[in-house]
Every structure is written in structure tokens, then in C-alpha cells.
Amino acid sequence: MTEFGLIDSIARMCETLPANGWEGIGDDCAVLPLGDEALVVSADMLAEGVHFLRHAAAAREIGRKSLAVNLSVVAAMGARPGATVLSLSLPQDAMDGWIEEFMAGYTELSAEHGVALVGGDTTASAAGITVNVTVFGRTPLANIKRRSAAVAGDIVAVAGRLGASGAGLRDILNGECDTPAAHAHMNPEAQIDEGIWLGGRAEVHAMMDVSDGVASDIRHIMERSGVGADIELEKVPADADLRTALCAGEDYKLLLTVAADGFAAVAAGFETRFGRPLYPIGSTTADAGVLRWLRDGRPTAEEFRGFVHY
Ligand code: ADP
Ligand code: MG
């Protein structure tokens, strides 16, 4: 079974459970509307050997990264992260220096974004370090950006450049841990302020963060919104070869769709606010489920697939 097959079957098994007001599985965060506001919640796990190699990464960087990926999904809903709950499964040999350094990184980034740590769990581990972060955020309900809100004819955009993280992972696996790309892989710059800002723009329809690569993640917006997408390959802002930029993932940049007649205003506002462009890379179409890769406006036979666990 694939990762998404498993998540689908879990979702099916839970269908008969009460929702209790929550919007459940399938978006970056679960959402609980509370009057004019919404609470958003998500959990993300990092496992030694899967997400990081202990010899290749400083514990402090893993501390930052485990938080950054969680802040990223809250911002991808258009919400502001407020607090986290941190659960640690630690082998004996991680109990001294490693965890102290990890917490230094974790609290450092928490402070940078004004996020509290309000609980968690700590257990022994028979093999390897596992870190789970649960994050809570809030926003005016009207600002929530769901994967399901894209409309045919929207502009598809990314809020940052892609591929550095994938190139960095390749460097690390080649034993080169000191390259700029390796640094980018270990220190993803989640677009937290950008997500909160984009949440306030009504022209922005769907939004998510790119964890598995645009090639994989655009399909989540397509599926949940019932649209297709045309991606123009020459417009993808790539900091590596195109395949790495589209498929490797872990860049944690925001992927969004914007009403076509509102895109120019949003892009101009974004550039004024952040000093960086919003990159249009294509558009959504009425051909539900059909993803096309275009070069010079024509479909190519090239196929791009993002990262999938299992
Ligand atoms: P991401 O790539 O952003 O981490 P995932 O692909 O892990 O997102 O998850 C997709 C959706 O499935 C999310 O809404 C997530 O909350 C949900 N999900 C993932 N794993 C589980 C699980 N074991 N039980 C319930 N929901 C899950
Ligand atoms: Mg996940």
C-alpha cells in the first residue's frame, strides 16, 4: 500500500465517527470554526534515517526543522501558529548532548515566531530518534485557505524558488554536508509571514505548502477542488535542475491558486511586502484530474512525479 492509499483507508474507517464541528483529514491542517475565528491543528513527524541522518545533521538544525515544517502547514492554511506540543522518542545515546542541542534549535525558532511550547510526551526508544510536533494556530475564519477552493481558470503560483532542498539532500547523501544547498535542506525557510499575509487576500483561493514537490502536491489541490492544471515548465523558479525542483520536495514554499483577475494585485502587494516575487507557473483548468506539463504553450510527453513514502 502507498502512503496515500493508507491515509485514504484510514479516512474511510473514520467516516462514521462524529465530526464534532471539525473539518477533518485531507488538508494541511484540520480546522475547527469557532464563531468568526478558526483553530487549526496539524501533526508532523521526523524519523531518524528517514527524514534526517544523525551523522549528517546538527541536532540544533533538526530542532529548527521539526518545528519549521509544522509552522509551515499552519501558514499554508492562512493562519498564525500559536503553540506546539512536542513528543520525543529517544534512544539512550541521544539523552545528553543531542537533545539539548535539539531543544536549543527548537526554542530558538519558536522565539523567532512567537510560538509557545505547551506540552508533549517523552519515551525511550529501542531504535532511532523520532520527533512528533503537533501545532495549533488561529485566524479569522474568512482567511482560511483550503486545498479544495481552487476554481478552473485560476493562476497557479509558488511563493518562492524550488529545488534547493532536493539538491542539498543529494549533496548530503554524497557526504558533502557543507554546501549552500545542504544548508538549505537542513534549514528550510518556511513561509510563515507569507502564508498569514496571503490568508488575508480574498483573491487567493487554494493554498498548501510544498512538502513532496509541486509535481505531487498540485495533484492534492486538483483532487480536492475537482480541477485540472497546466504547468508551464519554463516558468518554474528552479534553483536546481527542473526535475529536482518539481519532484524532490521539502522546499516548504507555498503553492497557491489565485483568481486570474486578481493575480496582478496580489503579486504586486506580495512583492512590496516581502521584496520577493510571487511566481505564476500555470493555471487550473476545467479538465478535472488532468495535469499537463507545457513547454512553449504545448503539452510535452515528460512526466514528473513527486516524493511518496513507501
Ligand atoms: P503532509 O505532506 O502535509 O504532511 P500528509 O500527506 O502527511 O500531509 O497528510 C495528508 C492528510 O492526511 C493530512 O490532512 C493529514 O492530517 C492526514 N493524515 C496523515 N496521516 C494520518 C493518519 N495516520 N491518521 C489520520 N490522518 C492522517
Ligand atoms: Mg505528513
Side-chain angles (χ1 to χ4, degrees), residues 1-33 38-47 50-52 62 65-79 81 84-87 89 121 130-137 144-150 158-160 162 165-166 169 185 188-192 194-195 198-199 206-225 246-257 304-310:
M1 187 163 2
T2 67
E3 177 189 1
F4 296 119
L6 174 59
I7 294 172
D8 283 348
S9 76
I10 290 173
R12 272 197 305 278
M13 289 170 79
C14 299
E15 257 165 17
T16 55
L17 299 177
N20 298 333
W22 286 84
E23 295 172 23
I25 295 175
D27 216 313
D28 289 284
C29 293
V31 177
L32 179 65
L39 171 70
V40 303
V41 179
S42 178
D44 249 296
M45 194 142 68
L46 286 186
V50 180
H51 298 93
F52 66 91
I62 298 165
K65 182 169 182 174
S66 62
L67 178 64
V69 301
N70 278 276
L71 301 184
S72 179
V73 289
V74 168
M77 301 300 296
T84 63
V85 168
L86 172 63
S87 298
S89 179
D121 197 21
T130 304
V131 176
N132 181 77
V133 179
T134 302
V135 64
F136 300 84
I144 289 283
K145 301 302 182 193
R146 298 170 178 83
R147 296 178 180 184
S148 57
V158 285
L162 305 170
S165 178
L169 177 58
H185 179 77
E189 278 177 37
Q191 300 192 290
I192 297 151
E194 290 88 338
L198 289 163
M207 187 156 68
M208 65 180 298
D209 76 338
V210 179
S211 57
D212 296 337
V214 165
S216 177
D217 288 332
I218 187 66
R219 292 175 206 269
H220 294 309
I221 289 179
M222 288 164 48
E223 271 164 34
R224 294 190 66 83
S225 297
L246 287 172
C247 306
E250 295 209 283
D251 286 308
Y252 298 103
K253 297 299 185 281
L254 296 167
L255 172 66
L256 55 151
T257 81
F304 298 90
R305 296 244 158 227
F307 179 80
V308 183
H309 284 277
Y310 305 105

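Since we're looking at a predicted model, the values are computed, not measured. First listed ligand is number 1; within each ligand, the first listed atom is number 1.
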Inset, instruction - Output the list of atoms in ligand 1 that are nearer than 4.0 Å to some heavy atom of Asp27, sorted by atom number. - result: 13 (C), 14 (O)
Inset, instruction - May I ask whether His220 places a heavy atom under 4.0 Å from ligand 1? - result: no
Legend entry - Under 3.5 Å: donor-acceptor pair, side chain of Asp27, backbone of Arg147: yes
Legend entry - Under 3.5 Å: donor-acceptor pair, side chain of Asp44, backbone of Asn70: no
Legend entry - Any donor-acceptor pair under 3.5 Å from Ser225 side chain to Met222 backbone: no
Inset, instruction - Go through ligand 1 atom by atom and flag the ones less than 4.0 Å from a non-hydrogen atom of Phe4. - result: 6 (O)
Inset, instruction - Tell me which part of Leu6 gets within contact of ligand 1: side chain, backbone, both or neither, using heavy atoms under 4.0 Å. - result: neither
Legend entry - Side-chain (Ser89) to main-chain (Thr130) donor-acceptor, under 3.5 angstrom: no
Inset, instruction - Give a yes or no on whether the backbone of Ile62 and the side-chain of Ser66 come within a donor-acceptor separation of less than 3.5 Å. - result: yes
Inset, instruction - Select one of side chain, backbone, both or neither to describe which atoms of Met208 lie under 4.0 Å from any atom of ligand 1, heavy atoms only. - result: neither
Inset, instruction - Please check if the side chain of Gln191 supplies one atom and the backbone of Ala159 the other of a donor-acceptor pair under 3.5 Å. - result: yes
Inset, instruction - Check ligand 1 against Glu3 and write out every atom of the ligand that is under 4.0 Å from a heavy-atom position of the residue. - result: 6 (O), 7 (O)
Legend entry - Ligand-residue contact atoms, ligand 1 with Ile10, heavy atoms, under 4.0 Å: 22 (C), 23 (N), 24 (N), 25 (C)
Legend entry - ligand 1 atoms in contact with Gly26 (distance to a heavy atom under 4.0 Å): 11 (C), 13 (C), 14 (O)
